[in-house]
There are 2 protein chains.
Amino acid sequence: MNKLPETVFKALSDSTRLRCLTLLSLEGELCVCELTHAIQMPQPKVSRHLALLRESGIVADHRRGQWIFYRINPGLPSWVRDILERTAREIAPTEPFVLDRERLANMVGRPGATCVV
Amino acid sequence: MNKLPETVFKALSDSTRLRCLTLLSLEGELCVCELTHAIQMPQPKVSRHLALLRESGIVADHRRGQWIFYRINPGLPSWVRDILERTAREIAPTEPFVLDRERLANMVGRPGATCVV
DNA sequence: GCAACTTATTCATGAAACTGAATATATGGG
DNA sequence: CCCATATATTCAGTTTCATGAATAAGTTGC
């Protein structure tokens with residue numbers, strides 16, 4: 001019995017996780033401090049939700065020096081990635097997602113993982 | 001603050017609801033006894049989940065005689081309907097969704113709402 | 001009105017999930 | 001080694017959610 005669908009949708013059913021996933025979907029790769037700054041939630045809270053997403057296979061992480069970067073798991077089935085992308089695109093112009101991206105864009109001292117090299 | 005996305009995904013995060021929604025998405029319109037027969041769950045359980053989906057605006061219902069028929073709410077934003085359809089299409093060939101449709105197809109004495117008129 | 005059928009609701013219970021607060025772990029620089 | 005920064009985890013409390021069992025409510029036909 002495959003439980004991926006339920007898992008994916010449960011991941012999207014919490015507002016903190018939805019904000020993180022939307023940022024990751026739109027921005028590509030972000031570290032915890034960028035996510036924390038963008039959505040303005042306590043770091044342990046963000047970290048806990050990211051752990052849940054990691055254990056569910058929704059996101060992948062890798063350390064780069066001091067920072068740990070998260071991204072949408074490229075190994076997800078394409079229909080799941082499509083749904084994540086479609087959702088992010090649709091809700092991006094609404095709050096709180098617009099403000100989240102603004103705060104991210106204005107953040108000073110970003111690790112710069114997604115900067116144009 | 002718009003909470004539709006979270007609501008939609010929460011609706012899909014329970015297996016009973018996902019099975020009902022998948023059947024509704026693939027079959028169009030079904031009454032409670034058809035859903036109950038297809039997914040083989042107690043009627044009060046199915047009814048409660050359908051009530052939740054109705055209150056969330058995910059499905060719409062209307063009475064026809066003795067039966068109450070449910071369908072995906074046509075008033076949902078198109079991206080939400082797309083996600084419901086895409087999901088149903090993707091998981092349809094897996095269990096338990098294949099068996100659900102078989103039981104529905106083999107059900108005797110169906111109210112026949114979806115019969116060709 | 002009564003019986004059969006379909007659907008909805010209430011109640012009590014147990015499990016799961018989210019949270020703040022505090023704390024622990026890991027990395028890099030001096 | 002010490003300190004600052006970044007991230008993760010534990011704990012306890014509260015709320016939400018799913019469930020079985022029992023029951024109620026609406027419809028049809030007699």
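Convention: sequence-line order gives letters A, B, ...; per-chain numbering from 1.
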Listed pairs, N/O of protein and of nucleotides 14-17 of chain D, under 3.5 Å:
{"unit_1": "D:dC17", "atom_1": "OP1", "unit_2": "B:K10", "atom_2": "NZ", "d": "3.2"}

Distance check: side-chain N/O of A:Y70 vs OP1/OP2 of D:dA6, anything under 4.0 Å?
-> no
Does A:H49 make a side-chain N or O approach to OP1 or OP2 of C:dA17 shorter than 4.0 Å?
-> no
Expected output: side-chain [X] to main-chain [Y] donor-acceptor under 3.5 Å:
X: A:D61; Y: A:I68; result: no
X: A:S25; Y: A:L21; result: no
X: A:E85; Y: A:D82; result: no
X: B:R63; Y: B:G65; result: yes
X: B:Q43; Y: B:S47; result: no
X: B:R81; Y: B:L76; result: yes
X: B:E95; Y: B:L99; result: yes

Give, for atom CZ of B:R101 and atom CG of B:L23, the distance between the pair rounded to the nearest 0.5 Å.
-> 7.5 Å
Between [N] ([atom2]) and [X] ([atom1]): distance, integer Å:
X: A:W67; N: D:dA8; atom1: CH2; atom2: P; value: 14 Å
X: A:E6; N: C:dA16; atom1: CD; atom2: C1'; value: 15 Å
X: A:E34; N: D:dT7; atom1: CD; atom2: C1'; value: 14 Å
X: B:I68; N: C:dC5; atom1: CD1; atom2: P; value: 18 Å
X: B:L50; N: C:dT6; atom1: CG; atom2: C1'; value: 13 Å
X: A:R19; N: C:dC18; atom1: CZ; atom2: P; value: 15 Å

Residue of the set A:E29, A:E34, A:R54 for which side-chain hydrogen bond (donor to acceptor under 3.5 Å, both in side chains) holds with A:Y70 | A:R54
Given DNA chain C, 5'-ward residue of the pair B:E55 and A:R48, judged by closest heavy atom | B:E55
Measure the acute angle between the ring planes of A:F9 and B:F9, then classify it against the limits of 30° and 60° as parallel, tilted or perpendicular.
-> parallel
Step by step, work out the side-chain contact (heavy atoms from CB on, under 4.5 Å) result for B:L30 and B:L24.
-> CA-CA 6 Å; B:L30 298 169; B:L24 292 175; 3.9 Å; yes
In residues 38-47 of chain A, what residues come within less than 4.0 Å of DNA chain D, judged by heavy atoms?
-> A:Q43, A:P44, A:S47
Just by protein heavy atoms under 4.0 Å, how would nucleotides 24-30 of chain D read 5' to 3' in B, S and -?
-> --SSS--
